[in-house]
Visitor: 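Got a structure for you, questions after.
Just the heavy atoms: all of them, side chains too, but no hydrogens, waters or symmetry mates, feed the values below.
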Amino acid sequence: ESIEKIIQRKKEYEQDSEGLLNWIREIEAVMSTNVKTSSIQILEEQMRKYEGILKEAEKKGYVLNAVEEKAESLMDHLSEVDRLNLSCQVKNLSDKYNLLVLKLKERFNGIAENIKQLKSSQKQISEYTQFILSIQRAIKELNKPIGSKTEDVQKLLQDYEDILNRLKGKKAEMSMQKVSTLPQIKELLSTHDDIIDAIENQLRRLKQLLMLREQYIGLVNEIVNFNV
């Protein structure tokens with residue numbers, strides 16, 4: 001093999017290895033600025049960016065293979081010391097590349113998981129909001145003059161107790177969810193507690209009203225029976 005070909009191969013090896021190393025440094029710089037956000041739109045942009053970098057990294061894998069092949073072809077023309085140095089260079093470059101690809105995949109998967117969790121949280125917030133609104137509508141429908149019969153009070157009591165049971169069941173469910181620490185959920189939980197307190201107060205008033213009506217009816221019956 002001619003000296004010219006060996007020199008040319010050495011030059012190609014140096015250019016390819018240097019180019020790959022520069023790309024690795026460039027991507028490491030990109031990864032050093034990790035954007036922390038709760039915006040799904042921004043996270044999706046980040047995900048597309050890292051998806052593009054991973055595709056680029058796949059192509060750089062072929063460059064690394066070429067570097068390794070060129071280094072191997074140069075080994076027979078080097079001294080023992082130079083062969084050792086070249087082997088170390090190639091190994092270091094390969095290690096840097098593989099580590100970077102691993103970090104890229106971790107970053108990409110981490111962003112994908114964040115998006116998944118945020119979408120799940122948004123869905124739960126939306127469903128919880130709709131639940132609170134449905135409870136408020138149900139309470140509004142009950143907020144009307146109470147009929148004169150004892151049965152009217154008993155029916156209203158049962159309706160409020162049914163709503164209270166729904167509220168307590170939902171409260172227990174939401175308290176066990178991971179999203180319970182989110183500001184939006186905390187605000188809804190606070191509203192939830194206020195509604196429970198209001199219904200419990202209303203139930204106490206209705207029970208007192210029912211007791212008074214039952215006492216009144218009992219008193220009227222006593223008077224009627226006494227007159228008889």
Side-chain angles (χ1 to χ4, degrees), residues 6 8-78 80-130 173-189:
I6 295 172
Q8 179 62 30
R9 194 176 299 117
K10 184 174 182 294
K11 184 179 179 181
E12 290 173 358
Y13 160 80
E14 290 171 347
Q15 287 175 342
D16 289 349
S17 60
E18 186 65 27
L20 181 55
L21 186 59
N22 288 337
W23 177 82
I24 290 171
R25 288 169 179 163
E26 179 186 330
I27 301 305
E28 284 175 342
V30 170
M31 293 190 69
S32 66
T33 55
N34 187 19
V35 177
K36 292 185 178 180
T37 178
S38 59
S39 166
I40 291 176
Q41 183 180 354
I42 293 174
L43 284 170
E44 285 177 338
E45 289 173 2
Q46 288 286 306
M47 194 171 174
R48 285 191 293 271
K49 181 177 81 171
Y50 279 103
E51 187 176 21
I53 294 174
L54 277 167
K55 287 180 180 178
E56 191 178 354
E58 187 177 355
K59 294 177 182 177
K60 294 297 180 181
Y62 296 112
V63 176
L64 178 61
N65 290 339
V67 167
E68 290 172 339
E69 288 173 4
K70 286 167 186 173
E72 185 63 31
S73 69
L74 290 170
M75 289 295 183
D76 292 339
H77 308 284
L78 300 175
E80 185 66 30
V81 174
D82 288 340
R83 281 201 296 270
L84 183 60
N85 287 336
L86 185 58
S87 293
C88 288
Q89 287 177 13
V90 174
K91 185 179 183 304
N92 288 339
L93 185 62
S94 179
D95 288 347
K96 282 180 180 291
Y97 169 82
N98 290 324
L99 180 61
L100 179 64
V101 170
L102 181 64
K103 288 181 178 179
L104 283 168
K105 288 178 179 178
E106 287 177 350
R107 181 68 59 85
F108 179 83
N109 292 334
I111 294 171
E113 183 61 27
N114 284 345
I115 291 172
K116 181 181 176 182
Q117 289 178 358
L118 282 170
K119 285 183 176 180
S120 175
S121 297
Q122 287 187 352
K123 182 182 177 184
Q124 286 182 281
I125 290 168
S126 176
E127 289 174 350
Y128 192 21
T129 301
Q130 291 305 313
E173 176 191 329
M174 293 307 300
S175 298
M176 294 174 65
Q177 301 292 331
K178 290 181 180 179
V179 292
S180 62
T181 57
L182 293 176
Q184 299 97 318
I185 295 293
K186 284 185 176 180
E187 187 176 342
L188 288 167
L189 284 169

Visitor: Can you tell me if R107 uses its side chain to pair, donor with acceptor, with the backbone of Y50 under 3.5 Å?
Guide: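 Checked: no pair found.
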
Visitor: Hey, could you give me the NZ/CG distance between K60 and L54, rounded to the nearest 0.5 Å?
Guide: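 It is 14.0 Å, given to the nearest 0.5 Å.
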
Visitor: Among E18, K10, E12, find the residue that satisfies the side chain to side chain contact (heavy atoms under 4.5 Å, CB included) test when tested with E14.
Guide: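 Only one option passes, and that is K10.
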
Visitor: Roughly how far, to the nearest 0.5 Å, is CE of M47 from CG of N114?
Guide: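 Reported value, rounded in 0.5 Å steps: 10.5 Å.
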
Visitor: Distance-only, no hydrogens or angles: does the Y97 side chain make a donor-acceptor pair with backbone N or O of G61 under 3.5 Å?
Guide: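 Checked: pair present.
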
Visitor: Measuring from atom CD of Q184 to atom CD of Q122, what distance do you get when rounded to the nearest 0.5 angstrom?
Guide: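 Reported value, rounded in 0.5 Å steps: 8.5 Å.
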
Visitor: Considering only NZ, NE, NH1 and NH2 on the basic side and carboxylate oxygens on the acidic side, decide whether E80 and R83 come within less than 4.0 Å.
Guide: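 Judged by the 4.0 Å cut-off on N to carboxylate O distance, E80 and R83 do form a salt bridge.
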
Visitor: If you define the side chain from C-beta out and look only at heavy atoms, does anything of Y13 sit under 4.5 Å from Q89?
Guide: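 When only atoms from C-beta onward are counted, Q89 and Y13 do touch, with a gap below 4.5 Å.
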
Visitor: If you take all heavy atoms of D16 and V63, which pair is closest and at what distance?
Guide: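 Smallest interatomic distance, heavy atoms only, reads O-CG1, 4.1 Å.
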
Visitor: Within the side chain of S94, is there an N or O that forms a donor-acceptor pair under 3.5 Å with the backbone of K91?
Guide: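 No, S94 side chain to K91 backbone: no donor-acceptor pair under 3.5 Å.
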
Visitor: Consider side chain to side chain contact (heavy atoms under 4.5 Å, CB included). Of E44, Q46, E106, which one does I111 pass it with?
Guide: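 With I111 as partner, E44, Q46, E106 yield a single side chain to side chain contact (heavy atoms under 4.5 Å, CB included), made by Q46.
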
Visitor: Nearest 0.5 angstrom please: I115 CD1 to Q41 CD, how far?
Guide: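 Going from the CD1 atom of I115 to the CD atom of Q41 covers 11.0 Å.
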
Visitor: Do the side chains of E26 and N22 get nearer than 4.5 Å, heavy atoms only?
Guide: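 With C-beta onward as the side chain, the pair stays apart.
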
Visitor: Under the 3.5 angstrom rule, does the side chain of S121 hit a backbone N or O of Q117 as a donor-acceptor pair?
Guide: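 The answer is yes, because a donor-acceptor pair under 3.5 Å joins these two groups.
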
Visitor: How close do I125 and L188 get, heavy atom to heavy atom, and via which atoms?
Guide: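 In terms of heavy atoms, the two residues are closest at O-CD1, 4.0 Å.
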
Visitor: Would you call M31 and L100 a side-chain contact if the rule is heavy atoms closer than 4.5 Å?
Guide: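 A side-chain contact exists here, since the closest heavy-atom pair is under 4.5 Å.
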
Visitor: Are any of the side-chain heavy atoms of L189 and I185 separated by less than 4.5 Å?
Guide: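 In contact.
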
Visitor: What's the separation between atom CG in L86 and atom OG in S17, rounded to the nearest 0.5 Å?
Guide: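 One finds 8.5 Å between CG of L86 and OG of S17.
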
Visitor: Quick one: side-chain hydrogen bond (donor to acceptor under 3.5 Å, both in side chains) partners of E45, sequence neighbours excluded?
Guide: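 Counting only residues at least two positions away or on another chain, E45 forms no side-chain hydrogen bond (donor to acceptor under 3.5 Å, both in side chains).
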
Visitor: Under 3.5 Å, side chain of S126 to main-chain N/O of K123, donor-acceptor pair present?
Guide: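 It does not hold such a pair.
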
Visitor: Is the number of heavy atoms from other residues, nucleotides or ligands within 6.0 Å of CD (E127) greater than 12?
Guide: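 It does: E127 CD has more than 12 such atoms within range.
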
Visitor: In terms of heavy-atom contacts, does CD of E113 have more than 12 from other residues, nucleotides or ligands at under 6.0 Å?
Guide: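 Correct, the count exceeds 12.
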
Visitor: Would you mind reporting whether L74 and D82 have side-chain heavy atoms less than 4.5 Å apart?
Guide: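 Not in contact.
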
Visitor: Once rounded to the nearest 0.5 Å, what's the spacing between atom CG of L20 and atom NZ of K96?
Guide: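 L20 atom CG to K96 atom NZ measures 11.0 Å (nearest 0.5 Å).
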
Visitor: Applying the side chain to side chain contact (heavy atoms under 4.5 Å, CB included) criterion to V90, which one of E72, K70, E68 satisfies it?
Guide: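 When E72, K70, E68 are each tested with V90, the side chain to side chain contact (heavy atoms under 4.5 Å, CB included) holds only for E68.
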
Visitor: Is atom CD of E187 surrounded by more than 12 heavy atoms (other residues, nucleotides or ligands) closer than 6.0 Å?
Guide: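 No, the 6.0 Å shell around CD holds no more than 12 heavy atoms from other groups.
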
